[in-house]
Amino acid sequence: MSFKNRVEGTSRSVISQKWTLFLCISSFCAGMFFTARMWTIPDAKGGITRTTGVEAERLNLVSEGCNTKFLQQKDVKLVSKDVFGEVSKTHNALHPECSLNNCTSYIRTLDKTISSLEMELAAAKSAQESILSGAPISGDSEKGDSPKKRKYFMVVGINTAFSSRKRRDSVRATWMPQGEKRKKLEEEKGIIMRFVIGHGATLGGILDRAIEAEDRNHGDFLRLDHVEGYLELSAKTKTYFATAVKLWDAEYYVKVDDDVHVNIGTLAETLARHRKKPRVYIGCMKSGPVLAQKGVRYHEPEYWKFGETGNKYFRHATGQIYAISKDLASYISVNQHVLHKYANEDVSLGAWFIGLDVLHIDDRRLCCGTPPDCEWKAQAGNVCVASFDWTCSGICRSVDRLKEVHKRCGEGEKALWKAAI
């Protein structure tokens, strides 16, 4: 009896343990199944899904490696279980050649594209700034809807210094129109006239403030990013042409010293005769000696580059006045950082053109003498473009004598407005 009861109790115990284990396993499976279903079913309204930790790491790698556009949408959605594959598909759709294996090379291509776009943006900003400041715009801009820039005939830059206030006043009182007349000259004839000067060794110093005050009264200065100095004339000339060609779209650019008398109308007609010729360089051409001796005026420290002692320079225009066409001014602007400067600025300019296909025009009317020379020529109907004294490289005592030269050799005010250009 006791043995039978013991066997039955043992059987019940065994059955109970089996069922218990079965129920536990069933509950665990049901829980896993239910949890998985809840984990993957998207929300009906927002479509919000979740990812596992491994999938999140994969997504981070994809987003860091290939920055695709759909990750930047306003309605950002958490990525579903199969989003890793969707990212690859989307990325390949953007660029078929990009896959997870060659994504790095594609990123390099994107970097190059971005760099190109940045350069185009910089060029566009530069063109916009040029338009606002009065500079010429490129041919591509002119083809679009952008407003076309005014084209001028010539820009006359009058080289001056801080100590030359009286010279400037004598020029203003003679051959350089003032006020409304100068503005009318720009509008009707397309002739720009400016005194050209840089800044002092100390920016904002007393010298700069004096020029700023003078400019407020007359408004006839072109300020350069250049430190003034006699030994820096070659650099100043280069900076002048580079600056002028950016500010004004003109056919010709002229440089003249502030102690020279100029008949502007005659100068304009002279240049107009050559307007159909490319790469024009006009002035009084000369070929002076290369001075190797130290301490003398116009000493050339690099004399050895011109051959044996006693040799002469190549042909170049004398520095008192000369003119160049737009293509040559643009050439200086583009290559200004590699153009070599010699001691004398007129030699430097000639050196910049010596290896180019440039038309040198020697016109002696740009270097007439002061009265009686220019007076006799004017009476004979051959009005001079410019007059100065060779012995002084300009008009000797120009402050005192410029009015006399203008009276005896000037073309007359009407000639300027009647000039055919």
Side-chain angles (χ1 to χ4, degrees), residues 154 156-157 159 196 226 229-242 244-245 251-257 260 262 267 270-271 273-275 277-369 384-386 388-394:
M154 68 177 180
V156 180
N159 187 40
V196 180
H226 167 80
Y230 179 77
L231 298 178
E232 298 297 328
L233 290 179
S234 293
K236 183 177 181 179
T237 299
K238 182 165 58 174
T239 305
Y240 158 62
F241 284 118
V245 79
E251 295 183 52
Y252 291 98
Y253 298 84
V254 182
K255 178 263 177 182
V256 58
D257 291 338
V260 173
V262 181
L267 172 62
T270 300
L271 297 181
R273 298 190 187 103
H274 307 289
R275 67 194 319 167
K277 303 172 184 176
R279 299 176 299 280
V280 174
Y281 175 29
I282 305 175
C284 287
M285 300 296 166
K286 66 174 184 177
S287 181
V290 180
L291 301 178
Q293 184 180 353
K294 293 184 179 180
V296 300
R297 193 179 185 185
Y298 306 127
H299 165 64
E300 178 57 72
E302 296 181 275
Y303 61 90
W304 58 273
K305 289 185 177 180
F306 299 92
E308 301 299 328
T309 302
N311 279 3
K312 292 185 176 182
Y313 288 114
F314 39 77
R315 300 289 286 180
H316 61 279
T318 184
Q320 285 81 0
I321 181 173
Y322 47 74
I324 61 175
S325 53
K326 179 184 176 180
D327 40 14
L328 294 182
S330 299
Y331 171 81
I332 294 175
S333 177
V334 171
N335 299 283
Q336 57 181 311
H337 301 297
V338 295
L339 295 177
H340 185 69
K341 303 184 296 294
Y342 290 100
N344 303 301
E345 59 99 6
D346 53 353
V347 172
S348 295
L349 186 73
W352 300 336
F353 301 152
I354 197 65
L356 305 180
D357 186 11
V358 174
L359 178 60
H360 291 61
I361 298 177
D362 183 17
D363 193 331
R364 310 314 291 183
R365 292 186 302 155
L366 272 72
C367 53
C368 295
C384 291
V385 172
F388 57 89
D389 299 311
W390 283 101
T391 56
C392 298
S393 297

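Basis for what follows: all heavy atoms, side chains included, without hydrogens, waters or symmetry-related copies. Nothing fancy with the numbering, it's 1 onward along the sequence.
Side-chain atoms of S234 come within 3.5 Å of backbone atoms of Y342 as a donor-acceptor pair (strictly under, hydrogens ignored). Looking only at distances, no side-chain donor or acceptor of K255 sits under 3.5 Å from a matching main-chain atom of T237. Under the 3.5 Å distance criterion, the side-chain polar atoms of R279 are left unmatched by any main-chain donor or acceptor of H360. In this structure, the side chain of W352 engages the main chain of H340 through a donor-acceptor pair within 3.5 Å.
By the 30° and 60° cut-offs, the orientation of the rings of Y322 relative to Y281 is perpendicular. Taking the six-membered ring where tryptophan is involved, the planes of H316 and Y313 are perpendicular, since the angle between them exceeds 60° and thus also 30°.
Residues A323 and V254 approach most closely at CB-CG2, 3.8 Å, considering heavy atoms. The minimum heavy-atom distance between C368 and R365, with the atom names listed, is SG-O, 3.8 Å. Heavy-atom minimum distance, G319 versus D257: O-OD2, 3.8 Å. Nearest heavy-atom pair, H299 versus L291, reported as atom, atom and distance to 0.1 Å: ND1-O, 3.2 Å. Residues F388 and S393 come closest through the heavy atom pair CD1-C, 4.5 Å. Nearest heavy atom pair, residue K277 against residue V280, reads O-CG2, 3.3 Å.
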Please determine whether side chain to side chain donor-acceptor pair (under 3.5 Å) holds for the pair T391 and D389, giving the CA-CA distance in whole Å, both sets of side-chain angles, and the decisive distance to 0.1 Å.
CA-CA 5 Å; T391 56; D389 299 311; 5.5 Å; no
Given Y240 and H226, is the side chain to side chain contact (heavy atoms under 4.5 Å, CB included) satisfied, shown in steps?
CA-CA 9 Å; Y240 158 62; H226 167 80; over 6 Å; no
Candidate pair V290 and K305, rule side chain to side chain contact (heavy atoms under 4.5 Å, CB included), full reasoning
CA-CA 10 Å; V290 180; K305 289 185 177 180; over 6 Å; no
Dump the intermediate steps for side chain to side chain contact (heavy atoms under 4.5 Å, CB included) on V245 and I332, then the final yes or no.
CA-CA 9 Å; V245 79; I332 294 175; over 6 Å; no
Can Y331 and L339 be said to form a side chain to side chain contact (heavy atoms under 4.5 Å, CB included), step by step?
CA-CA 10 Å; Y331 171 81; L339 295 177; 4.2 Å; yes
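N159 CG to Q320 CD: the interatomic distance, rounded to the nearest 0.5 Å, is 11.5 Å. To the nearest 0.5 Å, atoms NZ (K238) and NE2 (H337) are separated by 8.5 Å. Put simply, CG on L349 and CG on L233 are 12.5 Å apart, with the number rounded to the nearest 0.5 Å. For the atom pair OH (Y298) and CG (N344), the distance works out to 7.5 Å, reported to the nearest 0.5 Å. Separating the CD atom in E251 from the CG atom in D327 is a distance of 11.0 Å, to the nearest 0.5 Å.
No more than 12 heavy atoms of other residues, nucleotides or ligands lie within 6.0 Å of CH2 in W304, so this atom counts as exposed by the packing criterion. Within 6.0 Å of OH in Y303 there are 12 or fewer heavy atoms belonging to other residues, nucleotides or ligands.
Applying the salt bridge (Lys or Arg N to Asp or Glu O under 4.0 Å) test to pairs two or more places apart or on separate chains, those with a residue in residues 281-293 are K286-D346. Annotation: disulfide (SG to SG under 2.5 Å) contacts involving residues 279-308, sequence neighbours excluded, comprise C284-C367. Counting only residues at least two apart or in different chains, salt bridge (Lys or Arg N to Asp or Glu O under 4.0 Å) contacts with residues 307-317 are absent.
Taking 4.5 Å as the limit, every side-chain heavy atom of D363 sits out of range of all side-chain heavy atoms of V385.
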